[in-house]
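Shown next, in structure tokens, is the structure this report addresses.
Keep in mind that the numbers below use all heavy atoms, side chains included, and drop hydrogens, waters and symmetry copies.
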Amino acid sequence: MHTPTLRSRARPATRELAERAGGLAPSDRRVLEAVLSQTGNCAPEAQPGQRADTPAPLIWNLPGFEGKCRITTIFGELPVEALRRRDQVRTICGAFKEVKKVEAIRLDADFLERHPAAQPVMIRARAMGGAFPVRHMLVSPAQKLWLSRPGDGFIARTAQQMEDTPNMMRSRRNDITYYRFHLGDEEMVSVEGTWFCTTPF
């Protein structure tokens with residue numbers, strides 16, 4: 001597992017974040033460029049007429065879980081921060097699948113102050129149907145939940161889309177580390193008894 005050791009330690013590896021980098025404050029832009037270079041992506045140049053020292057709001061779209069959230073593995077319930085490549089986790093079909101990749105994304109106080117969109121969403125215990133999750137948990141606002149809809153199967157919703165529902169709200173933190181992982185294919189996994197979507201990155 002790789003954890004960047006950068007100030008405002010974001011590890012944005014997606015096209016959407018790269019497209020925002022041109023309008024960020026210089027210090028945040030340098031962080032994003034350094035991280036993007038590690039993943040083979042490049043941040044674009046600032047647009048003509050755009051002041052380099054004018055911060056732009058960041059659209060945070062990286063999923064992840066706070067490290068203490070517990071995931072169901074073949075060994076039992078483990079904190080996500082202890083998850084390693086080749087560990088086997090339970091999927092919604094009941095089978096256990098191997099973890100292909102794990103990343104830690106550490107955001108410091110300076111980054112979060114300037115980009116509050118990256119602040120986590122708290123899901124209180126039993127917020128889902130009065131049963132799950134089994135304890136309070138923090139997730140990235142971009143983390144997708146796999147929710148049951150009575151008479152209409154399941155639907156994916158991000159924590160941000162759900163934050164105004166009872167017992168789900170934005171939680172202001174001085175710093176946070178998000179852990180994201182995937183199993184090689186799109187899968188639904190059990191974290192604190194609640195189903196969440198994971199996709200390759």
Side-chain angles (χ1 to χ4, degrees), residues 1-6 9-18 32 34-41 60-108 118-123 125 127-128 131-148 154-162 168 171 173 175-201:
M1 181 177 65
H2 180 69
T3 304
T5 54
L6 298 170
R9 300 177 182 84
R11 185 180 171 82
T14 63
R15 182 186 304 273
E16 291 85 357
L17 280 179
L32 296 181
V35 172
L36 287 168
S37 69
Q38 297 178 39
T39 61
N41 294 287
W60 184 258
N61 57 12
L62 293 182
F65 304 88
E66 188 270 334
K68 301 303 180 185
C69 297
R70 299 181 306 175
I71 183 169
T72 304
T73 75
I74 201 167
F75 309 111
E77 303 295 318
L78 292 180
V80 172
E81 63 188 0
L83 200 61
R84 296 293 182 266
R85 189 168 174 263
R86 297 192 181 91
D87 285 349
Q88 294 191 10
V89 300
R90 185 186 174 203
T91 64
I92 198 167
C93 69
F96 288 86
K97 292 193 65 174
E98 187 177 271
V99 173
K100 301 298 184 183
K101 188 175 183 179
V102 184
E103 283 188 342
I105 308 159
R106 185 174 189 279
L107 307 180
D108 63 15
Q119 289 277 9
V121 172
M122 174 178 279
I123 307 176
M128 306 295 173
F132 300 106
V134 295
R135 64 178 65 194
H136 298 344
M137 62 186 300
L138 294 173
V139 301
S140 164
Q143 179 59 55
K144 289 184 178 180
L145 297 88
W146 190 239
L147 304 172
S148 173
F154 289 83
I155 189 169
R157 286 286 183 267
T158 65
Q160 181 176 356
Q161 291 173 313
M162 301 288 295
M168 294 185 66
S171 180
R173 300 283 158 156
D175 61 77
I176 190 165
T177 300
Y178 291 127
Y179 291 82
R180 66 173 184 157
F181 60 92
H182 72 80
L183 311 182
D185 298 297
E186 183 174 6
E187 293 286 354
M188 289 65 179
V189 299
S190 177
V191 183
E192 299 293 359
T194 301
W195 295 109
F196 290 89
C197 306
T198 63
T199 56
F201 54 86

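- Panel note: side chain T177, backbone A104; no donor-acceptor pair is recorded below 3.5 Å.
- Distance alone, capped at 3.5 Å, is enough to place a donor-acceptor pair between the E192 side chain and the R70 backbone.
- Here I176 contributes atom CD1 and D108 contributes atom CG; the two are 12.5 Å apart, rounded to the nearest 0.5 Å.
- P141 and P120 get closest at one heavy-atom pair: CD-CA, 4.2 Å.
- Annotation: the span from E187 atom CD to R90 atom CZ amounts to 12.5 Å, rounded to 0.5 Å.
- The structure places CZ of F181 at 10.5 Å from CG of D87, a figure rounded to the nearest 0.5 Å.
- Across F96 and Q88, no two heavy atoms sit closer than the pair CB-OE1, 3.8 Å.
- Closest approach of Q119 and Y178 over heavy atoms only: C-OH, 3.4 Å.
- Judged by distance alone, with hydrogens and angles left aside, the side-chain atoms of Y179 form no donor-acceptor pair with the main-chain N or O of C69 at under 3.5 Å.
- A pairwise comparison of heavy atoms in Q160 and V121 identifies N-CG2, 4.4 Å as the closest pair.
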Worked verdict on M128 versus M168 for side chain to side chain contact (heavy atoms under 4.5 Å, CB included):
CA-CA 10 Å; M128 306 295 173; M168 294 185 66; 3.6 Å; yes

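- Rounded to the nearest 0.5 angstrom, F154 CZ and I92 CD1 are separated by 5.0 Å.
- The heavy-atom pair separating F196 from L145 by the smallest distance is CE2-CG, 3.4 Å.
- A156 pairs by the side chain to side chain contact (heavy atoms under 4.5 Å, CB included) definition with K144, W146, C197, not counting sequence neighbours.
- Annotation: side chain to side chain donor-acceptor pair (under 3.5 Å) contacts of Q161 (sequence neighbours excluded): T158.
- Here CD1 of I123 is found 11.5 Å from NE2 of H136. Values are rounded to the nearest 0.5 Å.
- Partners of E77 according to the side chain to side chain donor-acceptor pair (under 3.5 Å) rule, which considers only residues two or more places apart in sequence or in another chain, are T72.
- Residues passing the side chain to side chain donor-acceptor pair (under 3.5 Å) test with T198: none are found, sequence neighbours excluded.
- Under the salt bridge (charged side-chain N to carboxylate O under 4.0 Å, His left out) criterion, E98 pairs with K100, not counting sequence neighbours.
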For this session: Using the side chain to side chain contact (heavy atoms under 4.5 Å, CB included) rule, take R173 and E66 through it: C-alpha gap first, then chi angles, then the decisive distance, then the call.
Result: CA-CA 11 Å; R173 300 283 158 156; E66 188 270 334; over 6 Å; no

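- Side-chain atoms of R135 never come within 3.5 Å of backbone atoms of F132 as a donor-acceptor pair (strictly under, hydrogens ignored).
- To the nearest 0.5 Å, the span separating CD1 on I105 from CG on L62 amounts to 5.0 Å.
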Audit row: V191, V139, side chain to side chain contact (heavy atoms under 4.5 Å, CB included) steps and yes/no: CA-CA 10 Å; V191 183; V139 301; over 6 Å; no

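- For the side chain to side chain contact (heavy atoms under 4.5 Å, CB included) test, residues two or more places apart in sequence or in another chain that qualify with L78 are T73, F75.
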**Request:** May I have the step-by-step check of side chain to side chain contact (heavy atoms under 4.5 Å, CB included) for S140 and F65, ending in yes or no?
**Result:** CA-CA 6 Å; S140 164; F65 304 88; over 6 Å; no

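- In this structure, Q143 contributes its side chain and G64 its backbone to a donor-acceptor pair below 3.5 Å.
- Here the closest heavy-atom approach between residue V102 and residue R85 is recorded as CG2-N, 4.2 Å.
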